[in-house]
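Note sheet for the following structure.
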Number of protein chains: 2
Amino acid sequence: MATIYDVSVLAGVSLATVSRVMNNNTKVSEKTKQKVLSAMDQLGYRPNTIAQSLASNRSNSVGVLVSQLDGPYYGPMMTEIETALRAGNKHVIIAAGHSDESQEKDGVEFLMSRGCDALILDVEAVDDEYLIKLHQGDTPIVLINRYIEEISDACVYLDNDLGGYLATKHILSHGHKDIAYISGPKFKLDAQDRLHGHQRALTEFGVEFDEQLCFEGDFKEHSGCLAMEHLLSVKKTFTAVVCANDQMASGAIAVCLEKGMKIPQELSFVGYDNIPFPQYISPKLTTVNNPIHEMGKMAAFWVLKHVYNDPKAEVENTFTPQLIVRDSATKPSDNHNKQL
Amino acid sequence: MATIYDVSVLAGVSLATVSRVMNNNTKVSEKTKQKVLSAMDQLGYRPNTIAQSLASNRSNSVGVLVSQLDGPYYGPMMTEIETALRAGNKHVIIAAGHSDESQEKDGVEFLMSRGCDALILDVEAVDDEYLIKLHQGDTPIVLINRYIEEISDACVYLDNDLGGYLATKHILSHGHKDIAYISGPKFKLDAQDRLHGHQRALTEFGVEFDEQLCFEGDFKEHSGCLAMEHLLSVKKTFTAVVCANDQMASGAIAVCLEKGMKIPQELSFVGYDNIPFPQYISPKLTTVNNPIHEMGKMAAFWVLKHVYNDPKAEVENTFTPQLIVRDSATKPSDNHNKQL
DNA sequence: CTGTTAGCGCGTTCAA
DNA sequence: TTGAACGCGCTAACAG
């Protein structure tokens with residue numbers, strides 16, 4: 001690999017001059033500039049970013065820490081982050097936290113020691129205090145999917161309480177009174193908020209929250225299956241199921257279909273997230289849109305703006321969920337819950 | 001941030017000694033080692049990996065280039081790669097190639113200039129020649145999902161021809177004679193191989209491949225919908241549809257269900273990849289398993305073994321697909337294709 | 001076993 | 001406008 005030195009020799013100029021044309025921040029005469037440029041591509045020169053980082057104390061790379069790399073949720077987010085950052089000529093270094101406190105902290109250390117200029121974090125297990133302290137350090141951080149008042153300007157998040165409210169209100173408006181709920185893991189903030197919104201809607205409509213008809217899943221399809229099995233085993237009537245995400249809704253619906261139940265005639269469903277797949281099942285899932293692409297993009301823009309001073313990056317912090325009405329929820333009918 | 005120098009002063013030893021205890025490859029007396037160690041955590045010292053990379057010409061990071069970061073395919077692969085590499089204390093730098101030649105080449109440059117010790121590539125648009133040349137360079141590369149004879153030892157791949165064969169054979173064994181095929185993009189090698197395996201099975205059973213009943217999709221759900229609409233518009237009888245992946249199969253099935261067709265009674269389906277979601281639709285999709293997790297892991301192991309000389313990493317290059325029989329394929333019945 | 005001394009490839013003063 | 005020289009934080013000979 002050719003170095004800046006090789007280029008300088010071939011071009012007949014000094015090291016410093018070569019460095020100058022690379023970063024074109026200082027004036028260089030057009031003539032020498034051309035000499036350098038041609039020397040560069042004669043040698044197929046590519047700057048060594050490691051050395052650049054060491055000398056400039058800037059790595060042009062941003063660390064991204066998410067819970068997991070797969071699934072319909074983080075994939076799109078990562079995509080947007082990578083695209084936006086790449087367009088700004090920045091690198092993305094990733095790490096997975098697996099919703100575990102020590103792994104999340106480990107990931108942060110990992111990324112910081114790699115000299116990231118900033119960190120984009122979607123973390124769930126570490127507490128607010130840790131993040132606030134981190135925020136005070138030298139490396140800027142942005143939080144996705146989490147709101148901490150003290151550092152609110154560095155948070156990009158969705159109003160999950162409102163989302164939960166909207167989903168449940170939709171069900172209530174159809175006249176349902178007996179409503180089951182499949183929750184996400186209760187240690188996760190978004191799961192808590194969605195549940196809270198759900199309960200808020202119930203209260204507003206004067207229907208009581210029934211603890212026995214609430215199941216805590218893990219946001220994955222299979223736990224939706226388990227949830228449904230459980231709910232059906234509770235000898236209680238319910239005409240609708242509100243699910244904290246689409247994946248669990250899909251699992252739950254699959255179980256019902258398997259049992260020969262008619263959806264939504266016998267049982268209505270609402271999901272959350274608006275992931276692509278459930279649009280291809282029957283019935284098409286009514287859900288709440290989660291603008292995860294946008295949030296990923298905004299986190300990247302935040303970094304571009306605040307860390308790299310990109311004037312084009314406009315950032316938006318708060319996102320508002322929207323109900324997407326499709327076919328899985330309707331009015332309660334009389335022949336619901338036949339199996340009871 | 002404390003440097004190695006600060007540590008050496010506090011511990012009363014030389015820079016080299018500090019470096020030695022960090023990399024513990026040279027003998028250091030237990031006593032000085034303890035002095036250094038305690039100095040380190042007194043200062044909260046963290047090595048600057050950038051400087052380490054520059055000095056040692058090793059970055060401990062491996063670049064991963066995939067087509068896209070989302071979707072049920074790359075997510076799991078990335079997860080395994082990250083997990084395996086992280087366990088070996090290596091970093092992962094990612095880039096997306098978007099199945100576009102210039103973006104893929106760009107991604108490679110991008111990762112190389114970042115000083116990656118090795119590259120794991122899942123590329124589709126660049127030609128073999130480019131990869132062979134890359135393979136001769138200084139940075140080791142591994143190819144996932146692609147077989148190039150000249151560099152076969154650096155390829156981790158699935159026998160897609162066999163997979164296509166198995167899927168179609170399953171359909172043929174049920175007695176189907178009129179079979180439609182929804183292909184992936186024909187410029188992609190895996191799509192080509194799967195189609196080839198399909199045709200091989202047909203030939204073996206003495207049924208002819210019908211070009212009119214073959215539709216080229218893009219491996220995404222929506223193109224499965226388009227494919228089905230198209231196939232139904234061709235005024236030809238067919239009793240089964242073999243799909244080059246599960247996503248397109250899901251889209252196609254959704255269209256049929258929408259039209260009120262009974263699956264598999266009226267039309268049988270086989271997919272490919274065995275992604276999680278279609279297990280939660282009705283009918284459960286019969287498909288071919290694609291061990292994408294394993295392949296990601298193997299690519300990471302390859303790097304661990306050949307680049308970092310990890311003796312524990314055992315690598316396997318070739319993977320064999322397996323048929324997963326579920327509920328979407330059955331015998332052809334007489335009332336198929338009623339709509340014709 | 002430990003210290004000295006060169007670099008690694010580049011950015012950035014400071015003079016000229 | 002350009003060049004010389006130093007330093008970023010660390011590793012890797014080479015001595016001792």
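In what follows, chains carry the letters A, B, and so on, assigned in the order in which the sequence lines appear, proteins first and then strands, with residues in each chain numbered from 1.
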Worksheet item: Pick one: which of B:Lys27, B:Lys33, B:Gln34 meets side-chain hydrogen bond (donor to acceptor under 3.5 Å, both in side chains) with B:Glu30?
Response: B:Gln34
Discussion item. Once salt bridge (Lys or Arg N to Asp or Glu O under 4.0 Å) is applied, do any residues pair with A:Asp6, and if so which ones, sequence neighbours excluded?
Written reply: none
Worksheet item: Mapping B:Tyr45 and A:Gly12 to their closest nucleotides on DNA chain D, which lands nearer the 5' end?
Response: A:Gly12
Fill in: N/O (side chain, B:Ser29) to phosphate O (OP1/OP2, C:dT2) under 4.0 Å
yes
Worksheet item: Salt bridge or not for A:Asp310 and A:Lys312, using N-O below 4.0 Å?
Response: yes
Worksheet item: Taking atom C1' of C:dC10 as reference, at what distance in whole Å does atom CE of A:Met40 sit?
Response: 11 Å
Discussion item. If the condition is salt bridge (Lys or Arg N to Asp or Glu O under 4.0 Å), which residues does A:Asp100 pass it with, not counting sequence neighbours?
Written reply: none
Worksheet item: Can you name the salt bridge (Lys or Arg N to Asp or Glu O under 4.0 Å) partners of B:Glu101, sequence neighbours left out?
Response: B:Lys105
Worksheet item: Could you state the OH-P distance from A:Tyr5 to C:dC10, rounded to the nearest angstrom?
Response: 13 Å
Worksheet item: Does the pair B:Glu124 and B:Ser67 meet the rule for a side-chain hydrogen bond (donor to acceptor under 3.5 Å, both in side chains), with working shown?
Response: CA-CA 8 Å; B:Glu124 314 173 303; B:Ser67 295; 3.0 Å; yes
Worksheet item: For the pair made of CD1 in B:Ile50 and C1' in C:dC10, what is the distance, rounded to whole Å?
Response: 13 Å
Worksheet item: Roughly how far apart are B:Leu65 CG and B:Ile94 CD1, rounded to 0.5 Å?
Response: 10.0 Å
Worksheet item: Got more than 12 heavy atoms from elsewhere within 6.0 Å of NZ, B:Lys35?
Response: yes
Worksheet item: What is the ring orientation for A:Phe110 with B:His91, classed by angle as parallel under 30°, tilted 30 to 60°, or perpendicular over 60°?
Response: parallel
Discussion item. How bent is the helix from C:dC1-D:dG16 to C:dA16-D:dT1, measuring the angle between the end axes built from five pairs each, rounded to 10°?
Written reply: 40°
Discussion item. Under 4.0 Å, heavy atoms only, any strand: does A:Asn48 hit a base, just the sugar-phosphate, or nothing?
Written reply: sugar-phosphate
Worksheet item: What are the 5'-most and 3'-most nucleotides of DNA chain D lying under 4.0 Å from any heavy atom of chain A?
Response: D:dT1 to D:dG9
Item to complete: Any chance you could list the contact pattern along nucleotides 11-16 of chain C? Use B for base contacts, S for sugar-phosphate-only contacts and - for none, protein heavy atoms under 4.0 Å, 5' to 3'.
Response: BBB---
Fill in: Touch class at under 4.0 angstrom, heavy-atom based, for A:Ser53 against every strand present
nothing
Worksheet entry | CA sep, side-chain torsions, deciding dist, call: A:Tyr73, A:Asn145, side-chain hydrogen bond (donor to acceptor under 3.5 Å, both in side chains) | CA-CA 12 Å; A:Tyr73 192 80; A:Asn145 232 316; 2.3 Å; yes
Worksheet item: Relative to the 5' end of DNA chain C, which residue comes earlier, A:Thr3 or B:Ser14, by the nucleotide with the nearest heavy atom?
Response: B:Ser14
Response to the item:
Taken to the nearest whole Å, CG/A:Asp6 to C1'/C:dC10 is 13 Å
Discussion item. Just to verify, which of A:Asp122, A:Asp190, A:Asp128 counts as forming a side-chain hydrogen bond (donor to acceptor under 3.5 Å, both in side chains) with A:Arg146?
Written reply: A:Asp128
